[in-house]
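A short write-up of the structure that comes next.
Atoms considered below: every heavy atom in the structure, side chains included; atoms not considered: hydrogens, waters and symmetry mates. Keep in mind that what you see is a predicted model, and the values were worked out from it rather than measured.
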Amino acid sequence: MPYTIRAERNAQPRSETRVQPSSAVVLAMRWAEQGYQTIRIIDEAGRALDIRTAQQRLARGLRL
């Protein structure tokens with residue numbers, strides 16, 4: 001299932017897609033370190049998660 005990662009920095013939107021949920025979380029964390037804000041990981045069904053929630057779900061072995 002593809003995951004879309006969306007964020008914004010200086011009013012400039014950015015979006016990328018990853019197949020693996022762990023890869024989506026890593027990219028979201030990297031963007032956060034680079035100063036991006038309002039970072040969301042969105043699944044194929046349109047459900048959006050923030051980084052912390054996505055990390056917690058993965059740590060518990062749950063799907064995003």
Side-chain angles (χ1 to χ4, degrees):
M1 172 186 302
Y3 297 89
T4 302
I5 306 88
R6 292 187 181 151
E8 186 176 293
R9 181 174 66 184
N10 300 327
Q12 295 295 322
R14 184 170 185 180
S15 177
E16 288 194 29
T17 302
R18 295 291 186 267
V19 175
Q20 297 295 323
S22 57
S23 179
V25 171
V26 168
L27 178 60
M29 290 170 42
R30 188 176 313 135
W31 284 2
E33 291 172 358
Q34 294 173 2
Y36 283 88
Q37 300 172 343
T38 318
I39 302 168
R40 294 284 181 248
I41 300 170
I42 305 162
D43 68 12
E44 199 170 56
R47 293 176 293 215
L49 297 173
D50 60 38
I51 298 171
R52 181 171 295 194
T53 303
Q55 286 177 309
Q56 291 171 348
R57 291 186 63 82
L58 285 177
R60 293 183 190 140
L62 302 173
R63 296 180 68 183
L64 295 187

Report summary line: The reported gap from CZ in Arg6 to OG1 in Thr17 (rounded to nearest 0.5 angstrom) is 8.5 Å

**Report entry** Where Ile51 and Ala32 come nearest, the two heavy atoms and their spacing
**Finding:** CD1-CB, 4.0 Å

Requested in this report: Not counting sequence neighbours, which residues clear side-chain hydrogen bond (donor to acceptor under 3.5 Å, both in side chains) with Glu16? List them please.
Outcome: Arg14, Arg18

Query raised in the report: Can you tell me how far the CG atom of Leu64 sits from the CD atom of Gln55, to the nearest 0.5 Å?
Result: 10.5 Å

Query - salt bridge (Lys or Arg N to Asp or Glu O under 4.0 Å) contacts in which one or both residues fall within residues 54-64, not counting sequence neighbours - result: none

Report task. Just grab all the ring pair (Phe, Tyr, Trp, His ring centres under 6.0 Å) pairs involving residues 39-64, residues at least two apart or on different chains. Result -> none

Report summary line: Val25 and Ala54 have their tightest heavy-atom pair at CG2-CB, 3.7 Å

Query - Reported CD-to-OH distance for the pair Gln12 and Tyr36, which is rounded to 0.5 angstrom - result: 9.0 Å

Query raised in the report: Atom CG in Leu58, atom CG in Leu49: separation rounded to 0.5 Å?
Result: 9.5 Å

Query raised in the report: Under the side-chain hydrogen bond (donor to acceptor under 3.5 Å, both in side chains) test, which residues partner Arg30, sequence neighbours left out?
Result: none

**Report entry** Over 12 foreign heavy atoms within 6.0 Å of CD, Gln37
**Finding:** no

Query raised in the report: What residues form a side-chain hydrogen bond (donor to acceptor under 3.5 Å, both in side chains) with Thr53, not counting sequence neighbours?
Result: Asp50

Query raised in the report: Under the side-chain hydrogen bond (donor to acceptor under 3.5 Å, both in side chains) test, which residues partner Arg47, sequence neighbours left out?
Result: Asp43

